[in-house]
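To start, the structure itself, in structure tokens.
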Amino acid sequence: MSQVRLISFHYFFRTLILLGFSSYIVVLAKSDALQFYIAPRMMIFVKVAAVVLYIIACFQGYMALRAYWGKPVTCECEQPVSRSAWRNTAAYGLLILPLLIGFLLPDTALSSAMVAAKGMNLSAAKTSITKPSIPSGENPSGQGETAAPASTPAPAIAPSVSNSETPAVAETDADLQKLFHADNEWDEDFAKIGMILYKKDTIVVKPEIYMEILSSIDLFKQNFIGKKIELSGFVYREDNMPSNQFVVGRFAVSCCSADATPYGVMIDFPTAQTYPKDMWVKVTGTIQNGSYNDNDIFVIKATNIEKIAAPSSPYIYPNFEPLKELN
């Protein structure tokens, strides 16, 4: 192959690769599958990147035509293209392989399989987030642990559910502020959320402020004992969990699916074993004190569990103005 045709071939191949990545982003955006990989606030940057890739692809295509016509395409200051078939295959393969995987594999949301690898957080509050379990003798901090991956399950410990403690009752706004006293500036918003939730007959955990509501309940859980609550999510269960329990969880995403963290609430229900993994459910019940693997958590004593369709947007995201969603 002549040097001119070789240069033209490389520019043409680069054009196809760039068009492939640009088209893949467009396909994801058009099919609403981009949300499986990128948080909404980051989508605009990815869409702009698709446009930039398309422009670069057009330029590369123009360069390919000029090389094919025998016209100069560079300032002759760049490294000559390689004639090694192996080097070219390896270099372009690193770009083509992920592109093929993206087009050929189905676009799906994260599920229980990923939870088993990462571990489920049964507390949304920063002060009591559980940690992945570590073998005995290897945990220098001695902190709490979450449910271990399925390959190395932790011993099944049924959550102890207690409703014997009577929560304090706030009859005035002053009493309410005492109940939801924030120990630091970070918890002030959670305290405000808690005061609003406390006044509601039923706490509905909205996806828009999923983490914020659970964090508030977890920080001030004694104030919510016996309170009616309703939330939805997918079912997660380890093989060694007792038959009357499972976790309803969702993935929290800050930037992209790579940083997704599963958060959930332990559910206590007599026929819990009839609900398989990854089924989406809406749970109604009351908040109770509980513990799991030596961690204090709140448990929902379910009174009704309803099977629902998976939402179009399965993930939850940080909300920097949660009070607006409640007011």
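Hydrogens, waters and symmetry mates play no part in the numbers below; they use all other heavy atoms, side chains included. On a predicted model such as this, the values are computed, not experimentally measured, just so you know.
In terms of hydrophobic clustering, with Ile, Leu, Val, Met, Phe, Trp and Tyr side chains grouped at heavy-atom distances under 4.5 Å, Leu105 and Ile25 are assigned to different clusters. Clustering ILVMFWY residues whenever any of their side-chain heavy atoms sit less than 4.5 angstrom apart, transitively, puts Ile213 in the very cluster that holds Leu179. Residues Phe9 and Leu19 fall into different hydrophobic clusters, defined by Ile, Leu, Val, Met, Phe, Trp and Tyr side chains chained together at heavy-atom separations under 4.5 Å. Trp186 and Ile193 fall within the same hydrophobic cluster, where Ile, Leu, Val, Met, Phe, Trp and Tyr residues are linked whenever their side-chain heavy atoms come under 4.5 Å apart, directly or through other members. Hydrophobic cluster membership is shared by Leu110 and Val253, with clusters built from Ile, Leu, Val, Met, Phe, Trp and Tyr side chains linked at under 4.5 angstrom.
With contacts defined as side-chain heavy-atom distances shorter than 4.5 Å, the pair Trp280/Pro311 qualifies. By the 4.5 Å heavy-atom criterion applied to side chains, Pro276 and Met279 are counted as neighbours. The shortest distance between side-chain heavy atoms of Ile217 and Ile287 falls below 4.5 Å. Residues Val115 and Phe251 have side chains in contact (heavy-atom distance under 4.5 Å, counting atoms from C-beta outward). Side-chain atoms of Ser254 and Pro318, non-hydrogen and from C-beta on, do get closer than 4.5 Å to each other. In this structure, Glu230 and Val205 have side chains that are not in contact, with every pair of non-hydrogen atoms separated by 4.5 Å or more. Side-chain contact between Asn289 and Asp296: absent, with no pair of heavy atoms (C-beta onward) separated by less than 4.5 Å. With contacts defined as side-chain heavy-atom distances shorter than 4.5 Å, the pair Met241/Tyr292 qualifies.
Here the two rings, on Tyr24 and Phe103, have centers that are under 6.0 Å apart. Residues Tyr92 and Phe13 bring their aromatic ring centres within 6.0 Å. For Phe180 and Phe190, the gap between ring centers reaches or exceeds 6.0 Å.
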Query raised in the report: Would Lys206 and Ile209 satisfy side chain to side chain contact (heavy atoms under 4.5 Å, CB included), going step by step from the backbone distance to the final call?
Result: CA-CA 6 Å; Lys206 299 180 179 179; Ile209 47 174; 4.1 Å; yes
Query raised in the report: Is there a side chain to side chain contact (heavy atoms under 4.5 Å, CB included) between Leu34 and Val46 once you walk through the steps?
Result: CA-CA 9 Å; Leu34 191 58; Val46 176; 4.3 Å; yes
Query raised in the report: Between Val235 and Val247, is a side chain to side chain contact (heavy atoms under 4.5 Å, CB included) present by the stated rule, with each step listed?
Result: CA-CA 6 Å; Val235 173; Val247 176; over 6 Å; no
Query - Worked check of side chain to side chain contact (heavy atoms under 4.5 Å, CB included) between Ser232 and Ile308 - result: CA-CA 9 Å; Ser232 60; Ile308 62 173; 3.8 Å; yes
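Scanning all heavy atoms of the two residues, the minimum distance from Gly61 to Thr15 falls at N-OG1, 2.9 Å. Taking all atoms of both residues into account, the shortest heavy-atom contact from Ser216 to Phe224 is O-CE1, 4.1 Å. Here the closest non-hydrogen pair linking Ile297 and Met266 is CD1-CB, 4.1 Å. Here the shortest heavy-atom pairing between Lys118 and Ser257 reads NZ-O, 4.4 Å. Contact record, Asn304 with Phe269: N-CE1, 4.3 Å, taken as the closest heavy-atom pair. The two residues Ser22 and Tyr54 come nearest to each other via the heavy atoms OG-CB, 3.7 Å.
Of the possible donor and acceptor atoms, one in the side chain of Asn121 sits under 3.5 Å from a partner among the backbone N and O of Pro262. Asp268 contributes no side-chain N or O that, together with a main-chain N or O of Lys301, makes up a donor-acceptor pair within less than 3.5 Å. The backbone N or O of Gln273 lies less than 3.5 Å from no partner atom in the side chain of Ser243, so there is not a single donor-acceptor pair. In terms of modelled atom types and a separation under 3.5 Å, the side chain of Asp259 and the main chain of Cys255 share a donor-acceptor contact. Without hydrogens or angle criteria, Arg237 side chain to Tyr275 main chain gives a donor-acceptor distance under 3.5 Å. The closest donor-acceptor contact from the side chain of Thr286 to the backbone of Gly226 lies at 3.5 Å or more, if one exists at all. Judged by distance alone, the side chain of Ser112 and the main-chain N or O of Tyr236 form no donor-acceptor pair under 3.5 Å. At distances below 3.5 Å, at least one donor-acceptor pair connects side-chain atoms of Asn88 with backbone N or O atoms of Ser84. Using modelled atom types, no side-chain atom of Thr271 and backbone atom of Thr274 make a donor-acceptor pair closer than 3.5 Å.
Separation of atoms CD1 (Ile96) and CG (Leu16) is listed at 9.0 Å; rounding is to 0.5 Å. In this structure, CZ in Phe246 is found 14.5 Å from CD in Glu238, a value given to the nearest 0.5 Å. If you take CD on Gln177 and CE on Met195, they are separated by 6.0 Å, rounding to the nearest 0.5 Å. Rounding to the nearest 0.5 Å gives a distance of 12.5 Å between CD of Gln60 and CZ of Phe12. Distance check, rounded to the nearest 0.5 Å: CG of Leu100 to CG of Leu95 gives 11.0 Å. The distance from the CG atom of Leu214 to the CG atom of Leu219 is 11.0 Å, given to the nearest 0.5 Å.
Paired with Ile196 under the rule side-chain contact (heavy atoms from CB on, under 4.5 Å), one option of Leu323, Leu176, Ile203 passes, and it is Leu323. Remark: of the listed residues Ile300, Val265, Val283, Val283 is the sole one forming a side-chain contact (heavy atoms from CB on, under 4.5 Å) with Val248.
Figure legend: cation-pi geometry between Arg250 and Tyr263 absent, as NZ or CZ is not positioned both under 6.0 Å from the six-membered ring centre and within 45° of its axis.
Clustering of Ile, Leu, Val, Met, Phe, Trp and Tyr side chains at separations under 4.5 Å leaves Trp86 isolated, with no partner residue.
In this view, Lys324 and Glu321 satisfy the salt bridge (charged side-chain N to carboxylate O under 4.0 Å, His left out) rule, not counting sequence neighbours.
Atom CZ of Phe36 sits in a crowded spot, with more than 12 heavy atoms from other residues, nucleotides or ligands closer than 6.0 Å.
A side chain to side chain donor-acceptor pair (under 3.5 Å) check over residues 35-47, counting only residues at least two apart or in different chains, returns the pairs Gln35-Ser313, Tyr37-Asp107.
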